[in-house]
Amino acid sequence: MADEVSLLDFWPSMFGMRVRVTLAEKGIKYEYKEEDLRHKSDLLLKMNPVHKKIPVLIHNGKSVCESLVIVQYIDEVWKDKSPLLPSDPYQRAQARFWADFIDKKIYEPGRKLWATKGEEQGAAKKEFLDIFKILEGELGDKPYFGGETFGFVDVSLITFYCWFYVYETFGKFSFEAECPKILPWAKRCIQKESVAKTLPDQKKVYEFVLEMKKMFGLD
Amino acid sequence: MEDVKVLGFWPSPFSHRVVWALKLKGVKYDYIEEDLPNYKSQLLLQYNPVYQKIPVLVHGGKPIAESLVILQYIEETWPENPLLPKDAHERALARFWMQFGLQKGPIFVAFFTTAGEDQEKATREALEALEIIEEKALGDKKFFSGDSIGMVDIAYGWLAYWFPCMEEAVGLKVLNPATLPRVHAWIQDFKEVPVIKENLPDYGKMLAYMKKQRAKFLSHLPSLNH
């Protein structure tokens, strides 16, 4: 029986992109459905009644929600190609620890960089850069967070890369100056077709943010 | 056989998660009580430099932090008495509900640490979360994991014992058995499971500790209307 896979998503979402990168890594065919978050589809409300958020993976009629839960699900079901989690339980625990760190720490201060001003923005900038410095420390001299190969932690973090121009422009800093190890790592990830084909252009994301700011009166 | 250590703190529901999982799997370990919040030991700072928090599991000298990460490590390292389902979709659902508990945590913290309007808001949001847990997470099952307890039950353990204690310390009842009958029944059943029953902090001691914490939080709030 052929697998039926579809993804409910929103193109600039770094969370949705994690799933897209994973599906591409595994060579899984799927139907992509773009959601208009101001007019959520009946399907989205049915498939994610608890949060009503994207991304949602629908596999043979059953839904999986929460981006890192989805990535682990895909990794377990399509386990023969491009494994993202290491096979050693201790390494897996370290991967889960860092993916969880990325998942809970970056989004909010990142959002405040473009959505707020003054003191609030200043505090967010410090927090944001502190987090990336910790991540830089964890990366060390490894080619990827996972070591020699692209893995779960890399997938969790790389999707923020297309938002870097937004963060740098509104936050008035450069990743090159503040966290020099992060850019070479990101460029290495971008060499991978799954990442290059998934991540939108940084300028396109910036234009999206400008539109959002206008719409929500955040200018 | 490599040795297992747990760095914990007696009133923490998070270090209890680790203890319950190890005991359910019959894993022997040494427990090290951290003297929080007075001070963080060198061991804690060495083993968990990122968050400097308990619990930390140390297996053969290698540390793992974050209780939900620890639970999955325990599950994968000691597969006897499995705490997660075999089916991938069921497992994804279990992880989803553990994430949900994590995401809603701050609401229950706000319930305990605030007063006035802030606490009213937290109480409303806590009730909404509990209703979702009642209808969608538990449904018709005895335990979150089915007929016997699993990782999701362990993750929600704070709800069975710590939250009612918080309610008493704060002086506000949120968990109404009439409106949340399934959650109420789950709480009674969960506390009766032998490994859980034998590994809970003394209620009186817990209540005294929470009352002290509550008083401390209240004293830090901007002055309330009296």
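The chains referred to below are lettered A, B, ... by the order of the sequence lines, with proteins before strands, and numbering in each begins at 1.
For the pair B:Leu68/A:Asp100, no side-chain contact is recorded, criterion being any heavy-atom separation below 4.5 Å from C-beta on. A heavy-atom distance below 4.5 Å is found between the side chains of B:Tyr51 and A:Phe97. Side chains of A:Gln94 and B:Val69 form no contact here, defined as non-hydrogen atoms less than 4.5 Å apart.
The number of heavy atoms from other shown groups lying within 6.0 Å of CG (B:Asp147) does not exceed 12. Open room surrounds CD on A:Glu148; 12 or fewer heavy atoms of other groups in view lie less than 6.0 Å from it. For B:Glu80, the CD atom sits in a packed shell: over 12 heavy atoms of surrounding residues, nucleotides or ligands are nearer than 6.0 Å. Other residues, nucleotides and ligands contribute only 12 or fewer heavy atoms inside 6.0 Å of the NZ atom of A:Lys126. For A:Glu176, the CD atom is loosely surrounded, since the number of other residues' heavy atoms within 6.0 Å does not exceed 12. Under a cut-off of 6.0 angstrom, the local environment of CG in B:Asp35 is crowded, with over 12 non-hydrogen atoms contributed by other residues, nucleotides or ligands. More than 12 heavy-atom neighbours from other residues, nucleotides or ligands sit within 6.0 angstrom of NZ on B:Lys141. No more than 12 heavy atoms of other residues, nucleotides or ligands lie within 6.0 Å of NZ in A:Lys46, so this atom counts as exposed by the packing criterion.
The structure places CD of B:Glu76 at 8.0 Å from CG of A:Leu85, a figure rounded to the nearest 0.5 Å. B:Gln99 contributes atom CD, which lies 8.5 Å from atom NZ of A:Lys104 (distance to the nearest 0.5 angstrom). In this structure, CZ in A:Phe101 is found 10.0 Å from CD in B:Glu66, a value given to the nearest 0.5 Å.
Proximity to chain B is limited to the side chain of A:Lys105, based on heavy atoms less than 4.5 angstrom apart. Contact annotation for A:Arg96: both backbone and side-chain heavy atoms come within less than 4.5 Å of a heavy atom of chain B. Interface remark: B:Arg95 contributes backbone and side-chain atoms alike to the contact with chain A (heavy atom separation under 4.5 Å). For B:Lys136, the part lying under 4.5 angstrom from a heavy atom of chain A is the side chain only. In this structure, no portion of B:Ile70 lies under 4.5 Å from any heavy atom of chain A. There is no contact between B:Glu75 and chain A, counting heavy-atom distances below 4.5 Å. For chain B, the nearby part of A:His51 is the side chain; its heavy atoms alone come within less than 4.5 Å.
For the pair B:His89 (side chain) and A:Ser63 (backbone), a donor-acceptor distance under 3.5 Å is present.
For the set A:Glu138, A:Glu76, A:Glu66, the count of heavy-atom pairs under 4.5 angstrom toward chain B peaks at A:Glu76.
Taking all atoms of both residues into account, the shortest heavy-atom contact from A:Tyr90 to B:Pro63 is OH-O, 2.7 Å. The two residues A:Ala93 and B:Tyr73 have their closest heavy-atom pair at CB-CD1, 4.0 Å. In plain terms, the two heavy atoms of A:Val69 and B:Phe96 that are nearest each other are CG2-N, 4.1 Å.
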